Amino acid sequence: MLVSAKEMVNKAKDGKYAVGQFNINNLEWTKAVLLTAQENNSPVILGVSEGAGKYMAGYKTVVGMVNGMMEELKITVPVALHLDHGSYEGSLEVIKAGFSSVMFDGSHYPIEENIEKTKELIRIAGEKGISVEAEVGSIGGEEDGVIGNGEVADPNECKAIADLGVTMLAAGIGNIHGKYPANWTGLNFDVLAEIQAKTTGMPLVLHGGTGIPEDMIQKAISLGVSKINVNTECQLTFADATRKYIEAGKDLSGKGFDPRKLLNPGFEAIKATVKEKMELFGSVNKA
Ligand code: 13P
């Protein structure tokens, strides 16, 4: 059964580790993440962007697929199904469809409007025991065609949003989605420490988990980060494994490519990446 992300991120905060959010795009991706979580006895969050939700034929399809898979693959570790960077309307839709967690990204609204909308969603989600992640300071890079500027969040605005009763808070600290440019100056730990001080006890979320050096990941966890999002790295590893399989012509035995064989190297590659991240984030054996 899907669970809210609340208990898992609170436990991670207390235990000084982070739960990984891995974005899913199809059946193979979902199966790879769920099986790896079970094999490593780790809690896990499945992230679904609005674009990925549409691609997978809608949120109800995603809920049906994940619930069915959890039952048939006998997944017993805690799993949250979470909307990633949701709009206000998208958040309402996934709550109806059966997601167990939502991220409302109101970072592009003026702070007053972000507060109003976040407050309303906390009320609606709260009635169903669904966890809510909010965002302050837009996270740079490109996510589903939306390009943010990589802001550094204002710690007072973080406190205003945290005080509304969100489950967890994503705050921009110089992190960006996708690959980091060669001249990237790194995460802003001074601001992270200030946000942590002003939002005592609030689990913090680090977006843009692809390409952040390991020592920075560990320092971020020591400063209150309890959830880390990874998307691009799984995409790259999936694409690379698939490309190599096609280039090797492995399945051209007169019949063309068997889709199940074609997607298997990508599935295995995602499993390896997810395991590596769970070990780095410290969530192995924390289910
Ligand atoms: P990356 O694509 O950089 O791994 O970031 C993922 C993310 O933050 C999703 O919200």
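The basis for the numbers below is simple: all heavy atoms, side chains too, and nothing from hydrogens, waters or symmetry mates. All of these numbers come straight from a predicted model, not from anything done at the bench. Residues: numbered from 1 along the sequence shown.
Using a cut-off of 4.0 Å between Lys/Arg side-chain N and Asp/Glu carboxylate O, K275 and E39 are scored as not salt-bridged. A salt bridge is defined here as a Lys NZ or Arg NE, NH1 or NH2 lying under 4.0 Å from an Asp or Glu carboxylate O, and D14 with K11 fails to meet this definition. A salt bridge does not link K31 to E28: none of the charged nitrogens lies less than 4.0 Å from a carboxylate oxygen. Contact check on K119 versus E116 returns a salt bridge, with a Lys/Arg side-chain nitrogen under 4.0 Å from an Asp/Glu carboxylate oxygen. A salt bridge does not link E50 with K54: none of the charged nitrogens is closer than 4.0 Å to a carboxylate oxygen.
Formation of a donor-acceptor pair under 3.5 Å by the T167 side chain with backbone atoms of K6 is not found in this model. A distance-only check finds no donor-acceptor pair linking the side chain of S101 to the backbone of H82 [under 3.5 Å]. Of the possible polar contacts, one joining the T273 side chain to the A269 backbone as a donor-acceptor pair under 3.5 Å is found. Looking only at distances, no side-chain donor or acceptor of T199 sits under 3.5 Å from a matching main-chain atom of M202. With hydrogens and angles ignored, the 3.5 Å screen pairs a side-chain donor or acceptor of S100 with a backbone N or O of L81. In this structure, the side chain of T242 engages the main chain of F238 through a donor-acceptor pair within 3.5 Å. At least one donor-acceptor pair under 3.5 Å links the side chain of Y180 to the backbone N or O of G208. Looking only at distances, no side-chain donor or acceptor of K159 sits under 3.5 Å from a matching main-chain atom of P155. The backbone N or O of A170 sits nowhere less than 3.5 Å from a side-chain atom of E133 that would complete a donor-acceptor pair. A donor-acceptor pair is defined here as one N or O able to donate and one able to accept, closer than 3.5 Å; no such pair exists between the side chain of W184 and the backbone of K179.
Taking the six-membered ring for Trp and the full ring otherwise, H108 and H85 have centroids separated by 6.0 Å or more. Between Y59 and F99, the distance separating the two ring centers is shorter than 6.0 angstrom.
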- Item | Criterion side-chain contact (heavy atoms from CB on, under 4.5 Å) on Y245 and K261, from CA distance to verdict | CA-CA 9 Å; Y245 184 81; K261 284 191 189 156; 3.4 Å; yes
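For the residue pair H207 / N175, no side-chain donor-acceptor distance below 3.5 Å is found, with atom types taken as modelled. Between the side chains of N285 and N40, no donor-acceptor pair is found at a separation under 3.5 Å. Side-chain atoms of N67 and E71 include no donor-acceptor pair closer than 3.5 Å. Neither side chain, K286 nor N41, offers a donor N or O lying under 3.5 Å from an acceptor on the other.
More than 12 heavy atoms of other shown residues, nucleotides or ligands fall within 6.0 angstrom of atom CD in E247. Within 6.0 Å of NZ in K60 there are 12 or fewer heavy atoms belonging to other residues, nucleotides or ligands. Summarising the local packing, CD of E7 is surrounded by 12 or fewer heavy atoms from other residues, nucleotides or ligands at distances under 6.0 Å.
Nearest heavy atom pair, residue N114 against residue Y109, reads N-CB, 3.9 Å. Closest heavy-atom contact between F189 and M216: CZ-O, 3.6 Å. Heavy-atom minimum distance, V102 versus S91: CG1-O, 4.1 Å. A pairwise comparison of heavy atoms in L280 and I221 identifies O-CD1, 4.5 Å as the closest pair. Closest of all the heavy-atom pairs between A18 and A12 is CA-CB, 4.3 Å. Between A5 and M168 the shortest heavy-atom distance is CB-CE, 3.9 Å.
Taking hydrophobic clusters as Ile, Leu, Val, Met, Phe, Trp and Tyr residues chained together by side-chain heavy-atom distances below 4.5 Å, F22 does not share a cluster with L236. V66 and V44 fall within the same hydrophobic cluster, where Ile, Leu, Val, Met, Phe, Trp and Tyr residues are linked whenever their side-chain heavy atoms come under 4.5 Å apart, directly or through other members. V94 and W29 fall within the same hydrophobic cluster, where Ile, Leu, Val, Met, Phe, Trp and Tyr residues are linked whenever their side-chain heavy atoms come under 4.5 Å apart, directly or through other members. A continuous path of Ile, Leu, Val, Met, Phe, Trp and Tyr side chains, each step under 4.5 Å between heavy atoms, connects I228 with I24, placing both in one hydrophobic cluster. I130 is not connected to V19 by any chain of hydrophobic side-chain contacts under 4.5 Å among Ile, Leu, Val, Met, Phe, Trp and Tyr, and they are in different clusters.
Looking at heavy atoms from C-beta onward, M69 lies in side-chain contact with L27 at the 4.5 angstrom threshold. Using a 4.5 Å heavy-atom cutoff, the side chains of V3 and M8 are in contact. With a 4.5 Å cut-off on side-chain heavy atoms, T76 and Q38 count as touching. Side chains of K227 and I45 form a contact here, defined as non-hydrogen atoms less than 4.5 Å apart. Contact of the Y17 side chain with the F281 side chain is not registered, since no non-hydrogen atoms from C-beta on lie closer than 4.5 Å. Side-chain atoms of I115 and I111, non-hydrogen and from C-beta on, do get closer than 4.5 Å to each other.
Exactly one of V33, L2, N23, V62 qualifies for a side chain to side chain contact (heavy atoms under 4.5 Å, CB included) with L46. That residue is V33. With respect to V274, the side chain to side chain contact (heavy atoms under 4.5 Å, CB included) criterion is satisfied by exactly one of E276, M278, K271: M278.
Rounded to the nearest 0.5 angstrom, S87 OG and M103 CE are separated by 12.0 Å. For the atom pair OH of Y55 and CG of N26, the computed distance is 6.0 Å after rounding to the nearest 0.5 Å. For the atom pair CG (L192) and CG (L206), the distance works out to 8.0 Å, reported to the nearest 0.5 Å. To the nearest 0.5 Å, atom CG of residue L34 and atom CE of residue M70 are 6.5 Å apart. L223 CG to I195 CD1: the interatomic distance, rounded to the nearest 0.5 Å, is 10.5 Å. The distance from atom CG of N188 to atom CG of D190, rounded to the nearest 0.5 Å, is 5.5 Å.
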